[in-house]
Amino acid sequence: MPSSLSGGREGVSPLGLKNTLAGRDIISCRDLSREDAELVFRLAEEVNSGTIHLEDTLVGRKVALIFVEPSTRTFQSFYVAARSLGAEVLSIHDPAVSSIAKGETLYDTVKMIEGYGVDCIVLRHPARGSARFAAEAASVPVINAGSGSQEHPTQALLDVFTIKSKLGRVDGAKIGMLGDLRYSRTIPSLCYLLAKYNGVEIFFMAPHLLQVRREVELYLSERGVTYRKAVEADEIKEVMPELDVLYVTRIQKERFPDPTEYERVRGSYVVDAKLLSYGRSDLGVMHPLPRVDELSPEVDKLPNAWYFEQARNGLPIRKALLHLVLGGAE
Amino acid sequence: MSSESLLVRKIDWGTVLDHIPAWKGDQVIKLLNLESLKQNPDVSVIVLHNVPSKKLGRKDIVKLYHYMVSEDEAKILALVLPQITINYIRDWKVEKHSPGLPEKIVGKIRCPETTCITNVEREPATTRYIVMKEHGVIACEYCDTLLEIERIPDFLIG
Ligand SMILES: [Zn+2]
């Protein structure tokens, strides 16, 4: 947590810009300014295009990955990012065999791993609020890699980075979010980050049971972000032509107390060529992956499919973020 | 019977909570968690229900004999029951107290979100809320969940 941790050149990123993220916790997209996000994006862009190499900028540093929930994708992404920057990685991954399964508290796990002299902790945990709690317990920066259904800020960074690079802008973007908006950890983070841009419009396309949580709505309205809800199939069709981006999340059957209600609504939230035909021809389709059957494979070969590129952006974004938070050497 | 005789006898030391909406006196008891004071033999609690009031028509009054409500408790009472007046009595002298709004509430209230870290067994996490009076809610600083101010009595710890 203390900002004195930043090594390398005093508070300066490889872009020559002030490194506003050095030594900071990355808990919530509420805490990130547009400038913070743009700093990560610019560095990720340079990494993508090969003009800046971050390899070995974290040699001699230790990154702990604490994953108290199965998540191979995000774990691997952080693992590869940290290793390619030259950091040593300590991981507590499989809760089934770790001390966490034996009933160790998150608090004790954080204290224990700090004892190994780590410079940063990346945490995935099923409880909402876990990342903030861990950050208060830790003396080193904590990066939230998913806190229950609450937030997933690095996913939102790569999502907005994808929108920016594919659409050419984020300001004024009209973004539809479709599926389970209530239990998806990526949706709140995405909304909080988009709220830092100007004139963004959000369309929440979900059944009543899975509509976005109230604190997300409150955050958006307090910041003057326009949003609308579409619930029924007709409303969804009506909204489609307005969208620049359609962000799809998975609907899980277990979320419905009544299985017949799930069967009734699921069809309205499946993205296929037919649904896309109601949208503009250049509409971008995004998905945090992995998908099940809410996103038809027939979309894969359409130019509208942005999700594979979106997934590829995970690595440069996490490299850039780790480098900045740890104040890596040039 | 005059309203004077309804007010029982005056107390020399303690707190009088007045202008509580009629039949909400028990909510005050819950908010103060007076159950925990049962062990204290010096404390007496007098609850008056449905007393005639010029201001409210009918009201409740809670008299806490030999108990001084703390500043934190006073602020939370004023948040949940904005009409309440709090009078400290010392040696028969009455001192009216107007608590400000709490900016934060630490402990006292359970988070309504079951998956919140503060509800995980054995985890040493104390609840902490930001008060958003203008929206009629408090927000858990850990999990962001909102709780309506009028629902606070349902989530008191202890
Ligand atoms: Zn909470």
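Residue numbering restarts at 1 for every chain, and letters A, B, ... go by the order of the sequence lines. As a basis for the values below, the full set of heavy atoms in this structure was taken, side chains included, without hydrogen atoms, waters or symmetry mates.
- Within a 6.0 Å radius of OH in Tyr107(A), other residues, nucleotides and ligands contribute 12 heavy atoms or fewer.
- The shortest non-hydrogen separation linking Ala127(A) to Val120(B) is CB-CG2, 4.0 Å.
- Side-chain contact between Asp144(B) and Arg213(A) is absent, with no heavy-atom pair separated by less than 4.5 Å.
- The number of heavy-atom neighbours closer than 6.0 Å to CD of Glu95(B), taken from other residues, nucleotides and ligands shown, is above 12.
- Annotation: Lys111(A), atom NZ; neighbour count of heavy atoms from other residues, nucleotides and ligands within 6.0 Å is above 12.
- Heavy-atom contacts from other residues, nucleotides or ligands closer than 6.0 Å to NE2 of His208(A) number 12 or fewer.
- The contact between Glu123(B) and chain A is made by backbone and side chain atoms together, counting heavy-atom distances below 4.5 Å.
- Met132(B) is not listed as a side-chain neighbour of Glu215(A), based on a closest heavy-atom distance of 4.5 Å or more.
- For chain B, the nearby part of Gln150(A) is the side chain; its heavy atoms alone come within less than 4.5 Å.
- Neither the backbone nor the side chain of Ala139(B) comes within contact range of chain A; no heavy atom of the residue lies under 4.5 Å from a heavy atom of that chain.
- Contact of Thr118(B) with chain A is not made at all, since no heavy-atom distance falls under 4.5 Å.
- Counting non-hydrogen atoms of other residues, nucleotides and ligands closer than 6.0 Å to NZ of Lys196(A) gives a total above 12.
- A 4.5 Å side-chain heavy-atom check between Glu134(B) and Glu222(A) finds at least one atom pair inside the cut-off.
- Taking the side chain as every heavy atom from C-beta outward, Pro124(B) and Phe133(A) approach each other to under 4.5 Å.
- The contact between Leu218(A) and chain B is made entirely by side chain atoms (from C-beta outward), counting heavy-atom distances below 4.5 Å.
- Within the model, atoms CZ of Arg128(A) and CG of Asn119(B) stand 12.0 Å from one another, a figure rounded to the nearest 0.5 Å.
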